[in-house]
Each structure stands twice: as structure tokens, then as C-alpha cells.
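One structure, as C-alpha cells, below. Some questions next.
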Amino acid sequence: MRMYDIIMKKRNGRKLSKEEIEFFVDGFQNGTIPDYQVSALMMAIYFNKMDKEETLNLTMAMMNSGEVLDLSHIPGIKADKHSTGGVGDKTSLSLIPIVTSCGLKVAKMSGRGLGHTGGTIDKLESFPGFSTDISTEEFERNIENVGFSIMGQTKDLAPADKKLYALRDVTATVDNISLIASSIMSKKLAAGADAIVLDVKTGSGAFMKTLEDSESLAREMVDIGNNAGRKTIAVISDMDEPLGLAVGNALEVKEAIETLKGNGPADFTELVYTLAEKMLIAGGVADSEEAAKEKIEDAVSSGRALKKLAEFIKAQGGDDRYVYNTELFPKAEIIEEVKAPRSGYIKKIVCDEVGICSMILGGGREKKEDIIDLSVGIVFKHKTGEYVNKDDVIAEIHANDREKLKTAKERLIKAISFSDEKVPIKTIIKKVIY
């Protein structure tokens with residue numbers, strides 16, 4: 001088998017076999033196939049695409065390029081959740097304690113934030129002492145004893161995907177549905193869960209800007225998961241404005257904790273509860289949406305979900321007192337109000353611009369090595385569709401640097417537009433794909 005023939009075959013629009021896909025993935029991973037040949041193949045795939053069978057075979061080849069966790073010795077179905085990322089997305093911090101307090105086990109690997117999107121690990125590090133840098137053995141022990149664990153992705157998990165993504169990133173071949181879906185799902189499948197629920201974002205703050213593209217990605221990933229023998233469900237959710245009210249690490253953690261107490265913002269609560277329903281159904285803990293809703297509401301109202309978060313934080317070295325007293329979290333030195341420049345309905349809040357404002361304040365990274373300021377960010381008082389009077393406070397900026405505050409405030413004001421006409425309040429759940 002020759003790489004030249006595989007490139008030419010895909011260049012000519014023909015389907016690659018399972019053996020050909022495994023040959024190029026293995027060869028690229030072990031260094032016997034050079035990156036310029038793989039770059040040529042990625043461009044051929046970008047233009048001529050892959051069918052569902054090719055996409056599944058690519059996913060499985062990348063999954064099998066490294067360690068594949070076997071969680072079968074842990075009793076019960078193990079579930080996982082993945083979000084395609086966005087602004088104010090602290091969903092895992094509320095969702096996972098809820099579903100585990102309902103009896104489902106969750107095994108999750110997460111990443112750090114880069115650019116205007118936040119990372120779950122960064123948010124969790126708002127708890128002093130908390131670490132996701134744990135061994136596989138500790139990860140599995142916490143799943144069994146606590147009900148869930150979250151760890152950073154290991155270099156041994158789908159290493160071919162990491163290498164391939166770095167190449168796609170510099171050859172303008174990232175935004176192909178098959179390549180995106182196989183990249184995400186190779187890591188999810190390697191992490192060992194039996195059931196996977198996907199939160200696929202759509203809108204200005206999402207990777208996929210249109211509902212059509214988001215549906216295509218969701219369908220591709222659901223098909224991969226189901227064809228790989230994992231119960232997979234995707235929820236397409238709105239990311240045309242920030243999720244919830246808080247954007248910024250410690251601020252988002254506080255909001256997630258309030259949601260576990262039953263006091264979360266309406267849009268965020270609806271998303272968390274919807275994802276929780278799908279996870280409980282996929283994991284066999286509930287046999288209907290109604291049964292799942294009852295379990296979720298009981299987990300929150302009884303305080304079991306909040307207690308589960310504290311148990312998890314403590315198990316991974318964090319100070320669980322912060323769960324019960326959010327005043328302990330780091331606070332920014334400056335809190336500045338952003339007032340409405342006119343009366344009217346809030347027409348739009350440009351989501352990715354809000355993420356960039358948080359990043360300017362120090363709440364995100366432009367480069368992987370940047371240090372995050374956990375205390376800074378933005379808290380909205382009003383969102384799209386709400387009526388405000390001139391000089392009403394529409395947001396608060398939490399900052400530790402006057403110059404950064406000035407830049408972020410100017411940008412945030414430009415990101416919010418108003419209308420005299422009534423604007424419909426956005427629906428958070430766009431579609432569910434099974």
C-alpha cells in the first residue's frame with residue numbers, strides 16, 4: 001500500500017477503504033508517512049469529503065492510535081457529555097452533579113479554554129487545590145466512589161488526532177464536517193463511556209455559526225457514536241448570545257452553584273435540565289422525559305446535587321467550603337457598571353465579542369501559556385428581548401486593570417444593539433438529534 005495511491009484515490013473523489021484509512025493514520029502517527037503527504041490527503045478530503053463509513057473508520061483509527069480506557073469493571077452504565085464550546089458555558093459544573101446524584105456515573109475528560117471560549121478545567125481551578133492532573137487509576141476510582149470524575153485529556157488518548165489537528169490547523173483544512181466530527185468523537189470514544197450526550201452550539205459565539213451546519217455536525221457525531229455501539233444523543237443549543245448571565249471563570253462557577261440550588265438563570269437552567277434528561281435516558285436511569293424531570297427536580301430541591309459537587313471537589317483536592325460559601329471565591333478589585341445608552345429592547349448581544357471582552361480583561365487565553373485571572377469577567381443584568389430604560393444597568397464588568405477595563409467596556413458597548421420594536425426572547429434549545 002502506498003500513500004501516493006491513497007492521495008490520488010481521494011483526489012479523484014473515490015471512497016477510501018478501512019485498511020487505507022488505518023494505513024495513513026498509523027503511518028502518520030509513527031512517523032513513516034511525512035506531514036506533506038498527509039496535508040495533501042487532508043486537502044483532498046476537504047474538497048471531496050468523506051461518507052459516513054469513511055468518517056467512522058477514521059474516527060476508530062484515531063481512537064485506536066493510543067490508550068482506550070476500559071471502564072467495564074465499574075458497575076453500571078458510564079456516560080459522558082461534550083460541548084462544542086461557547087461563551088459562558090459552565091454547563092458541566094451543574095449538569096454532572098445533577099445526573100450523578102440521580103444514580104448515573106459520568107467519566108469526563110475536559111480541556112482548557114483558548115481564545116474567547118472558556119474551558120471547564122480553568123473554571124474548576126477557581127477552587128483552591130483542585131486538580132484534574134490525576135492518574136487514570138484515580139480517575140476510575142473517583143467514578144466508582146463519587147459517581148463522576150473530570151480529568152485533563154492525556155497525551156495517550158487519541159494521539160493521532162492531536163497530531164492531525166495541528167496539521168489541519170496550519171493547512172486550512174479544519175472546517176470539514178467529517179474531520180471535525182471524527183476529531184471530537186475519537187477522543188470521546190477513547191474515554192470509555194457507554195453513552196454520550198453532545199451539546200452542539202449554534203450562533204455567533206459557536207464554532208458552527210448556522211443551524212444547518214450545526215445540525216450536520218450533530219448528525220455526523222450521533223451517527224459515529226451509535227455506529228460505534230455507544231448510545232449517542234445531540235442537543236443543538238443557542239450560542240448567539242452568552243449562556244446564562246455570567247462570563248468569566250469564578251463568576252461562572254458561582255452561577256453554576258446557584259443553579260444547583262435552583263436559582264439559576266432561565267436559559268442556563270433549561271439547557272442543563274434538557275441535557276440532564278437526555279443523559280439519564282441514554283444512561284438507562286430514566287425511561288421517559290417525565291421520569292427524568294422528576295429525578296432532576298428532586299436532586300436539586302433536596303440539595304443532593306449541590307452536595308455531590310462538594311464531594312467531587314474534595315475528592316480531587318479542592319476546598320469544598322467554596323461550594324457552600326461562594327463569597328470565598330476570588331473577587332475583582334473593580335466592578336464597573338455598563339448602562340444602557342438609550343431606552344428600548346435589547347436587539348442583539350454579539351456573543352463572540354463578549355468572549356473577547358472577557359479575554360481582554362484576563363479571563364481567557366490568546367496563547368496556551370497565558371495565565372488566566374480567575375476573578376474577572378462580565379455579569380449581565382439584562383439579555384436579548386428584554387426592555388431597558390436609558391441608564392439602566394445592563395451589565396457589570398469585573399476587572400483588576402483600569403486600561404483593560406476601558407478597552408473591554410468600549411468593545412462591550414459596541415457589541416450590544418437596541419431596537420424600538422419588540423424583539424423575541426431567544427429559545428435556548430433548537431433541536432434534539434437521536
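Since the structure is predicted, the reported quantities are computational estimates derived from the model, not experimental observations. Numbers for residues simply follow the sequence, beginning at 1.
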Residue pair S237 / K201, side-chain donor-acceptor N/O under 3.5 Å: yes
Look at atom NZ of K414 and say whether more than 12 heavy atoms of other residues, nucleotides or ligands are closer to it than 6.0 Å. no
I'd like to know whether D80 forms a salt bridge (charged side-chain N to carboxylate O under 4.0 Å, His left out) with R230, so could you lay out the CA-CA distance, the side-chain angles of the two residues, the decisive distance to 0.1 Å, and finally the verdict. CA-CA 10 Å; D80 193 1; R230 317 292 171 90; over 6 Å; no
Can you list everything that forms a side-chain hydrogen bond (donor to acceptor under 3.5 Å, both in side chains) with T173? Sequence neighbours excluded, please. T171
Please answer whether the main-chain N or O of S183 pairs with a side-chain N or O of K187 as donor and acceptor at a distance below 3.5 Å. yes
Is a side-chain donor or acceptor of D392 paired with a backbone partner of N389 at a separation under 3.5 angstrom? yes
P424 versus T384, closest heavy-atom pair with distance: O-CG2, 4.4 Å
Show, in sequence, the C-alpha distance, side-chain angles and deciding distance for E252 and V247, and conclude whether the side-chain contact (heavy atoms from CB on, under 4.5 Å) test is met. CA-CA 6 Å; E252 290 185 42; V247 178; 4.3 Å; yes
G264 backbone acceptor or donor facing E258 side chain under 3.5 Å: no
Could you please spell out the steps behind the side-chain contact (heavy atoms from CB on, under 4.5 Å) verdict for F148 and K308? CA-CA 9 Å; F148 75 103; K308 185 59 71 177; 3.8 Å; yes
Within a 6.0 Å radius of atom NZ on K347, are there more than 12 heavy atoms belonging to other residues, nucleotides or ligands? no
Residues passing the ring-ring contact (aromatic ring centres under 6.0 Å, His included) test with Y273, sequence neighbours excluded, are none
May I ask you to decide if T232's main-chain N or O and N226's side chain share a donor-acceptor pair within less than 3.5 Å? yes
Run the side-chain hydrogen bond (donor to acceptor under 3.5 Å, both in side chains) test against E333 and tell me which residues pass, sequence neighbours left out. none
Would R342 and D420 count as a salt bridge (charged side-chain N to carboxylate O under 4.0 Å, His left out) here? Give the steps. CA-CA 10 Å; R342 52 162 285 191; D420 292 327; 2.4 Å; yes
Grab the two heavy atoms, one from G244 and one from D267, that are nearest each other, plus how far apart they are. N-OD2, 3.1 Å
To the nearest 0.5 Å, what is the distance between CG on D373 and CG on D401? 9.5 Å
Under the criterion side-chain contact (heavy atoms from CB on, under 4.5 Å), I'd like the reasoning laid out for K430 against S214: C-alpha separation, chi angles, the key distance, then a yes or no. CA-CA 10 Å; K430 300 298 183 185; S214 300; over 6 Å; no
Check whether K339 reaches the backbone of V393 with its side chain - one donor and one acceptor, N or O, closer than 3.5 Å. no
Taking the side chain as everything from C-beta on, heavy atoms only, tell me whether V174 gets closer than 4.5 Å to F207. yes
Before giving the answer on side-chain contact (heavy atoms from CB on, under 4.5 Å), spell out for F24 and Q37 the whole-Å C-alpha distance, their side-chain angles and the decisive distance to 0.1 Å. CA-CA 9 Å; F24 98 75; Q37 284 192 308; over 6 Å; no
Walk me through whether K163 and D35 qualify under salt bridge (charged side-chain N to carboxylate O under 4.0 Å, His left out). CA-CA 10 Å; K163 201 173 175 184; D35 58 3; over 6 Å; no
Using the ring pair (Phe, Tyr, Trp, His ring centres under 6.0 Å) rule, pick out the option among F329, Y324, F312 that qualifies with F127. F329
On a heavy-atom basis, the closest approach of N249 and G363 is ND2-O, 3.2 Å
Under a 3.5 Å cutoff, is there a donor and acceptor pairing between the side chains of S92 and K81? yes
Validation row: I134, S149 side chains within 4.5 angstrom (heavy atoms): yes
Interatomic distance, I150 atom CD1 to L93 atom CG [nearest 0.5 angstrom]: 6.5 Å
Is K406 paired with E403 through a side-chain N to carboxylate O contact shorter than 4.0 Å? no
Would you find a donor on one side and an acceptor on the other, under 3.5 Å apart, between the side chain of D156 and the backbone of E67? no
I want to check something: taking the side chain as every heavy atom from C-beta on, are M42 and L164 in contact at a cut-off of under 4.5 Å? yes
Side chain to side chain contact (heavy atoms under 4.5 Å, CB included) filter on P341, not counting sequence neighbours, yields F418
Just wondering, more than 12 heavy atoms not from D133 lying within 6.0 Å of its CG? no
Around atom NZ of K426, are there more than 12 heavy atoms of other residues, nucleotides or ligands at under 6.0 Å? yes
First locate atom NZ of K295, then atom CD of E277, and finally report the distance between them rounded to the nearest 0.5 Å. 13.0 Å
Quick one: does K78's side chain have a donor or acceptor within less than 3.5 Å of a partner on G76's backbone? yes
Is there side-chain contact between M43 and R168, with at least one heavy-atom pair below 4.5 Å? no
Measuring from R304:CZ to D298:CG, what's the distance to the nearest 0.5 Å? 4.5 Å
Taking the side chain as every heavy atom from C-beta outward, state whether K231 and I281 have any atom pair closer than 4.5 Å. no
Measure from the side-chain N and O atoms of E241 to the backbone N and O of I349, and report whether any donor-acceptor pair falls under 3.5 Å. no
Can you list the residues that meet the side-chain hydrogen bond (donor to acceptor under 3.5 Å, both in side chains) rule with R219, with sequence neighbours excluded? D223
Could you check whether atom CD of E294 has more than 12 heavy atoms from other residues, nucleotides or ligands sitting under 6.0 Å from it? no
Which distance, rounded to the nearest 0.5 Å, do you find between the CG of L179 and the NZ of K49? 10.0 Å
Minimum heavy-atom distance between Y387 and S343, given as atom pair plus value: OH-CB, 3.7 Å
E255: partners by side-chain hydrogen bond (donor to acceptor under 3.5 Å, both in side chains), with sequence neighbours left out: K90
Report yes if some heavy atom in the side chain of V87 is under 4.5 Å from a heavy atom in the side chain of S358; otherwise report no. no
Closer than 3.5 angstrom, by distance alone: can the side chain of S216 be matched with the main-chain N or O of E212 as a donor-acceptor pair? yes
Where is the tightest heavy-atom contact between S182 and I224, given as atom of each residue plus distance? N-CD1, 4.2 Å
How about L361 and I378: do any of their side-chain heavy atoms sit closer than 4.5 Å? yes
Ion pair K307/E311, N-O distance below 4.0 Å: no
Taking C-beta and beyond as the side chain, do T91 and S83 meet within less than 4.5 Å on heavy atoms? no
d(I77 CD1, L280 CG) to nearest 0.5 Å is 11.5 Å
Looking at every heavy atom in both D213 and I177, which two are closest together, and how far apart are they? O-CD1, 4.0 Å
Compute whether any side-chain donor of one residue and acceptor of the other, for Q29 and S65, lie under 3.5 angstrom apart. no
Does E54 reach the main-chain N or O of D51 with its side chain, forming a donor-acceptor pair under 3.5 Å? yes
